[in-house]
Amino acid sequence: MSNIHIGNAPPDKVILPFYATGAFVFWLLCLLLLADPGSLTQHHFNPHLLAIVHMAALGWGTMIIMGAAHQLLPVICERDLFNPVLASVSWYFLTAGIIFLAYAFWNMQTGWLMIGGGVLVVLSALAYFINTAFTGSVFIHYSVVRVFIFSSAFWLLFTTLIGLLLAINLRYVFFTKNHLELLKLHAHAGLAGWFLQLITGVSSKLVPMFLLGKSDKEKLLLYAFILQNAGLLLFLFDGYFLEMPALRMFVYAVLVAAGITCWLLYLYDAFRNRVRKKADIQMKQTFLSFLGIVIAILLVPFVLYANDPRWSIVYGAFLFMGWITGLILGKTFKTLPFIVWNRHYKNLSGKAKIPLPKNLYSEGLVQWQFRIFIAAMVLLAAGILMNNTIIVQVASVFWLLLATIYLLNVMKVLLHKKTLLS
Amino acid sequence: MIVSLSQPYANEKIKAQQALYNVIDPELFVNVIDLGLIYEIDFDGENSITVTMTLSTPHCPMGEAITNGVRNALEIAFPGRTININLTFEPRWNFEMLTEEGRAQLGV
């Protein structure tokens with residue numbers, strides 16, 4: 001082999017627990033949604049919804065995305081992951097933290113259980129931040145994608161720190177500001193800082209890679225970075241230090257929306273200039289998830305001016321279940337089978353007849369997952385907007401069915417045994 | 001990679017190329033020859049073979065599987081020879097390096 005180092009993926013025993021845990025928590029949160037569909041038709045600050053949202057944000061979204069990010073950091077930074085042990089530390093702390101937090105929120109037990117959960121999640125975010133910072137610290141080639149990865153890791157740490165302070169504040173009040181106002185800042189630091197910036201960075205690398213597409217409009221990503229961060233920073237500063245009126249909040253949302261538009265235009269350009277014309281079902285699911293964030297942004301004026309809590313809940317539903325969940329459902333089977341395949345077959349390639357990564361999961365189940373996702377999301381949004389618990393309950397059945405199919409397919413990949421084809 | 005019949009080791013190079021048709025990129029489902037990942041195959045007497053090749057993306061997660069595949073396929077086709085893989089990103093792989101067959105397989 002020449003002196004070019006192609007890098008080693010982190011050990012799969014480090015990455016796979018993120019996927020297994022995330023798939024299980026998704027199933028569990030859908031079960032809880034079915035157990036208490038009424039939580040979605042009340043004000044968003046209710047114990048069960050807080051538990052479900054934290055399970056969705058941390059146990060599901062962050063769990064899977066953090067696992068995938070550890071796998072993809074070497075691809076994006078073009079060097080090995082700084083420390084695989086720290087990645088495992090992230091998983092242990094995040095898993096323990098979400099167990100504490102979900103139990104504490106569901107039963108509204110403010111105090112050391114909730115605070116302890118918050119501390120564990122902060123430690124997990126800190127371990128991830130260190131790994132990201134040191135893996136990307138040597139810039140072989142400047143890449144705005146890498147800047148997104150770094151900033152998202154910073155925002156995750158920031159969001160979890162604010163979350164911890166809010167958990168302490170619930171028991172030992174020290175913030176002079178209204179808790180609900182701070183909750184809004186915490187949630188949006190997570191959404192527009194952690195999730196949006198990581199997804200922007202990673203998708204800008206992966207979508208062209210999967211489609212064999214290219215775009216020379218990298219400037220769009222730079223604008224996306226500036227606009228997304230400017231909107232978020234102004235929103236946080238104004239929200240904390242000043243009395244932010246709805247109009248200014250709307251302006252900040254427009255800035256972030258402009259950043260999202262730049263990112264989506266970049267992806268569209270790569271899509272237009274792709275070699276691989278036929279998009280597979282996973283890519284279709286990925287593109288559909290982008291509709292989730294677009295709809296959520298279009299709902300912002302209603303959230304700000306309609307003075308009806310239903311708009312906030314449907315806005316959150318489109319972000320968590322439409323966008324983040326849709327994206328994970330699509331991308332899981334673009335990453336997980338390859339990780340498992342590498343473990344079993346990378347040394348057998350060219351030597352024996354072996355299955356391909358696509359043979360490790362059921363493509364039929366992924367097709368059903370796609371269809372059920374659309375039905376579940378439409379029903380959920382309709383149920384919340386119509387304030388109809390029965391429709392939300394039907395939607396919850398669809399979500400649980402979807403989560404079951406997804407969990408089964410993930411387990412099929414994880415439990416794959418090495419097979420040689422005859 | 002085009003093999004000219006007049007060049008030294010032309011038969012061996014064709015045999016190597018045939019062997020590498022069996023090495024498939026696990027993501028794209030196209031073999032490494034039609035993807036244009038193989039830049040050169042050099043035979044050094046009876047002892048060693050040096051393959052100059054690239055990957056579609058630097059630090060491609062499937063990179064090790066693909067280079068292992070090239071090594072394995074050539075070890076089977078040429079037992080006893082040392083296989084050297086010279087990985088390069090100069091020039092960087094691009095779509096123009098796909099063969100007609102590769103384009104057809106990708107539905108271009």
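Please read all numbers here as calculations on a predicted model, not as lab measurements.
Residue K334(A) touches chain B through its side chain alone, counting heavy-atom pairs closer than 4.5 Å. Contacts between L106(B) and chain A at a heavy-atom distance below 4.5 Å involve backbone atoms as well as side-chain atoms. Both the backbone and the side chain of L28(B) come within contact range of chain A, judged by heavy atoms closer than 4.5 Å. Neither the backbone nor the side chain of D280(A) comes within less than 4.5 Å of any heavy atom of chain B.
In summary, K13(B) and E40(B) engage in a salt bridge, as defined by a charged side-chain N under 4.0 Å from a carboxylate O.
For the set T57(B), T52(B), I66(B), the entry with the most heavy-atom pairs within less than 4.5 Å of chain A is T57(B). For the options I76(A), L72(A), N347(A), heavy-atom pairs under 4.5 Å to chain B are most numerous at N347(A).
Aromatic ring pairs are classed by plane angle as parallel below 30°, tilted from 30° to 60° and perpendicular above 60°; the pair F129(A) and F150(A) is tilted.
Here the side chains of L74(B) and V70(B) are in contact, with some heavy-atom distance below 4.5 Å.
Distance check, rounded to the nearest 0.5 Å: CG of L156(A) to OG1 of T62(A) gives 6.0 Å.
Here the two rings, on H416(A) and Y345(A), have centers that are under 6.0 Å apart.
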